[in-house]
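Each residue takes its place number in the sequence, starting with 1.
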Amino acid sequence: MLNNKAKELFKKLNMPYPAIALRYHVCRPRDVKAYEGEHVAFCQYVSYAQSHKETFYISAEMDACYGKMVLGMIPKPPVTASGQAGADFEMYRSPAGCRKLYQELPVVEAGTVNYVQFAQVSECDFDPDLIICVADMKSADVLMHATSYISGDFWESKSSPVISCAWMYAYTVISGKVNHITTGFYHGLKRRKAYPAGLTMISIPFQKIDEVVTALAEMPWTAIAFREDEESKAELKRRMDHWQEMAAECNSTVDLH
């Protein structure tokens, strides 16, 4: 379960939208209300959660798009998986290109996710399978730094022109890797006007949440080379001078400035 420290750190990021915690359930969650509004696409439920401080869940029947497919709630519909829709939407030259996507699409094991619970991180009282963040450049810079500060993990952005939900809600929990995409590129998100273009959506799977929280608490949010105070400048010079001492001992040089 997310503790108060974790919640405070995500709040401190001051993102334009609240971070959202998701939990995947095989059975209907108890003591949680079902979403009661108009049925919309999966990405729109994330957006709804960002503007409503309430915990709710959805089932496959409530998803008006294919988030339910990538979570293994339904099989891939043959007509869609054939690539015809991707071609008709003019996202691919022919069905063949889009069909390739469906052949390689990350999908959660069928039948293991039948309900999805949503809550703002600040209101979360459960162990999330995912945390979804929609960040501007300043907050994304800090958050992405936190994903590699301890582990040294590489940053990657893996996605496709359509079914971007597969890479944000399935790929990350399957791979254990943080993934990020940029709003404005993806057919469904763009068509539904879920977010303004140019923001960074970051998906943090359960395997990385504790590490990211620890990093946010420990690391400097502005690295020393970007700090303008004289004390930081002097300390950076001291460290860089030490590099030259180390290099001389190794009969080498350092050309970093």
J.: Quick one: does any side-chain atom of Asp241 pair with a main-chain N or O of Gln244 as donor and acceptor, under 3.5 Å?
T.: no
J.: Under 4.5 Å between side-chain heavy atoms, counting indirect links through other Ile/Leu/Val/Met/Phe/Trp/Tyr residues: same cluster for Val121 and Leu199 or not?
T.: no
J.: Hydrophobic clustering (ILVMFWY, side-chain heavy atoms < 4.5 Å, transitive) - are Leu13 and Leu9 grouped together?
T.: yes
J.: Check step by step if side chain to side chain donor-acceptor pair (under 3.5 Å) holds for Tyr186 and Ser159.
T.: CA-CA 9 Å; Tyr186 304 99; Ser159 56; 2.8 Å; yes
J.: Determine, stepwise, if the pair Asn4 / Glu8 fulfils side chain to side chain donor-acceptor pair (under 3.5 Å).
T.: CA-CA 6 Å; Asn4 288 334; Glu8 289 168 2; 5.7 Å; no
J.: Does anything in residues 200-223 pair up under salt bridge (charged side-chain N to carboxylate O under 4.0 Å, His left out), and if so which pairs, sequence neighbours excluded?
T.: Asp153-Lys208, Lys208-Glu211
J.: For Gly111, does its backbone N or O pair with a side-chain atom of Asn114 as donor and acceptor, under 3.5 Å?
T.: yes
J.: Among Tyr35, Tyr48, Phe56, which residue satisfies the ring pair (Phe, Tyr, Trp, His ring centres under 6.0 Å) criterion with Phe118?
T.: Phe56
J.: Could you tell me if the side chain of Pro161 sits less than 4.5 Å from the side chain of His187, heavy atoms only?
T.: no
J.: Just so I know, are the side chains of Ile132 and Ile202 near enough to count as touching, which here means a heavy-atom distance under 4.5 Å?
T.: no
J.: Side chains of residues 60-69: which donor-acceptor pairs under 3.5 Å do they make with residues two or more places apart or in other chains?
T.:
unit_1, atom_1, unit_2, atom_2, d
Glu61, OE1, Ser59, OG, 2.9
Asp63, OD1, Phe42, N, 3.1
Asp63, OD1, Cys65, N, 3.0
Asp63, OD2, Gly67, N, 3.0
Asp63, OD2, Lys68, N, 2.6
Tyr66, OH, Thr80, OG1, 3.2
Lys68, NZ, Asp63, O, 2.6
Lys68, NZ, Cys65, O, 2.7

J.: Kindly state each residue pair satisfying salt bridge (charged side-chain N to carboxylate O under 4.0 Å, His left out) with at least one member in residues 167-195, sequence neighbours excluded.
T.: Glu156-Lys177
J.: Check whether any side-chain N or O of Asn179 sits under 3.5 Å from a backbone N or O of Lys158 as a donor-acceptor pair, and report yes or no.
T.: yes
J.: Test question: given the 4.5 Å side-chain rule for I, L, V, M, F, W and Y, name all other residues clustered with Trp243, or answer none.
T.: Ile224, Leu236, Met240, Val254, Leu256
J.: Could you walk me through whether Val212 and Leu143 pass the side-chain contact (heavy atoms from CB on, under 4.5 Å) test, one step at a time?
T.: CA-CA 8 Å; Val212 169; Leu143 189 52; 3.9 Å; yes
J.: Identify all side-chain donor-acceptor contacts of residues 15-34 below 3.5 Å with residues at least two apart in sequence or on another chain.
T.:
unit_1, atom_1, unit_2, atom_2, d
Tyr24, OH, Tyr169, O, 2.7
His25, NE2, Gln117, OE1, 2.7
Lys33, NZ, Glu54, OE2, 3.4

J.: Same cluster or not: Val142 versus Val213, using hydrophobic residues (I, L, V, M, F, W, Y) connected whenever any side-chain heavy atoms lie under 4.5 Å apart?
T.: yes
J.: State whether a side-chain donor-acceptor pair under 3.5 Å links Gln50 with Tyr45.
T.: no
J.: Quick one: do Tyr115 and Leu71 end up in the same hydrophobic cluster if we chain Ile, Leu, Val, Met, Phe, Trp and Tyr together by side-chain heavy atoms under 4.5 Å apart?
T.: no
J.: Applying side-chain hydrogen bond (donor to acceptor under 3.5 Å, both in side chains), name anything that partners Ser148, two or more places apart in sequence or on another chain.
T.: Trp155
J.: Are the side chain of Gln44 and the backbone N or O of Ala41 linked by a donor-acceptor pair below 3.5 Å?
T.: yes
